[in-house]
Visitor: 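For reference, the structure I am asking about is given below.
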Amino acid sequence: MSNHLHLDRRGTLGLAALGLSAMAYGAAPAGAAVPTRARQRSDSALTVTLLGTGSPVPSIERMGNSTLVQAGGYNLVFDGGRGLPIRLVQAGLHCGQIDGIFLTHYHSDHVNGVADAWMMGYVPALGARTKALDLYGPTGVHRLAAGLRLAHADDIRVRVADKEVNPAAAALESHESQVNDAVVFNRDGVVVRMFEVDHDKADAITPAVGYRVDYRGHSVLISGDTRPCENVIKWGRSVDLLIHEVADFLDPTDPVIQGVYEHHTSPQQAGKIFDATRPQMAAYSHIVAGIPPRFPEVPIATLVDRTRENYGGALTVGEDLLTFTIDNSGIDVVRATG
Ligand SMILES: [Zn+2]
Ligand SMILES: [Zn+2]
C-alpha cells in the first residue's frame, strides 16, 4: 500500500497542514482532504528516496543515513549508512544499479554500508555491475577506497578465482574533491555540487560537506551532518526539497546531550534555516530524537512543535523509504511500506 500526497507548487497546503508531519506515526486524520493522484514520472522529474533516516543508533525502523537521488537516468546515493543494500532493494533497485555514492564525511554511520553495497553490486547474481563503482567525497575518499580494497581483497580474489566475478566489476574508483563549492558530477544535465558544512565548533570533524543536486530546474539539498551553517542557507535558498539533519532531546541540559547539540542542529535552529531558505518542502533525515533507553525518545509531535517555533512552511519528518518526486507541477510524496 502506498500513500500518495501531492503538494502543488502554487499551493500553501503542506503535509504538516494535513496533519502528516509525523508521517512515521500514522496516516492522515479521518476526514482530511488529501489530494490523491497517481502520476507517471516525467523525464524531467527529480526523485528523492530516503533510504535510511537514522543515525549511529542501531534501529530497524531507521537504517543508517542514506538518500537516493534519481535524475536523468542516474541513481546517485548520498551517504551509505547501515542497511543501504536492504533499503535499496526495498526501493526497487539492486546494488549494481548505483551510479555513484557521494559521502558527506567519514563518521562510521555514513560509510558502514558502503562496502556491502559495493560488494553486492559486483556479485553477478545480486548486482550484475560490469564496471567500477564510483565513490565521491571530500579529502579522505581515496584513503577510504584503498582501505576497502584491502579489507575485501580476499573476497575479490576468491570470487575471481572461482570465475564468479569479473575483476573490472569489482573495482572501486574514488573521486576526491576540494570542498569549496565544487561541482563534483555533471552529466546529462545532472549537476551535483559539494559545499562545506560545520559539524563541530572546534573543527575537529573535517572535512564535512553537504550536497545539492540540480536537474532541469529542480533541486534537492542534503545538509550532511552539521550545526546551523551559512552554506546550507546559501545553497538551500529556494531549493525544491531541503533535507536537513536534526537532533533533539527531552532534557537539553544533560551534559552528554549538550555535546550532541554542539555537533548537530536542533529543531528550533532547523526551523530558522527553513524559514530563511523557503524550500518548497523541508524534510528531516538523520533524525536523532532521543537515544533510548538512557535518553527517552522525543515524540515526533514535539519535534514538529519545536520546528514550528520558527517555521510555518511545508515540513516532512522523514521515514525510511519515503519518496519525493519533484517536477514542474510540484512535489509528490509517496509513502512506501517496503
Ligand atoms: Zn551522522
Ligand atoms: Zn557525523
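Quantities reported herein were computed from a predicted structural model and do not represent experimental measurements. Ligands are counted one by one from 1 in listed order, and the atoms in each one are counted from 1 as well.
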Visitor: For Asp214, what residues pass the salt bridge (Lys or Arg N to Asp or Glu O under 4.0 Å) criterion, not counting sequence neighbours?
Guide: Arg212
Visitor: With sequence neighbours left out, write down each residue that passes salt bridge (Lys or Arg N to Asp or Glu O under 4.0 Å) with Arg216, or none if nothing qualifies.
Guide: none
Visitor: Does a donor on one side chain sit under 3.5 Å from an acceptor on the other, for Asp79 and His286?
Guide: no
Visitor: If we check side-chain hydrogen bond (donor to acceptor under 3.5 Å, both in side chains) with Tyr284, which of these qualifies: Thr265, Asp248, Thr53, Thr307?
Guide: Thr307
Visitor: Which other residues belong to the hydrophobic cluster containing Val260, where Ile, Leu, Val, Met, Phe, Trp and Tyr are joined when side-chain heavy atoms lie under 4.5 Å apart, directly or via other members?
Guide: Val57, Phe249, Val256, Ile257, Tyr261, Val288, Ile291, Phe295
Visitor: Any donor-acceptor pair under 3.5 Å linking the side chain of Asp200 with the backbone of Ile205?
Guide: yes
Visitor: Tell me the protein N, O or S atoms under 2.8 Å from the Zn ion (ligand 2), in chain and number order.
Guide: His105 NE2, His107 ND1, His199 NE2, Asp225 OD2
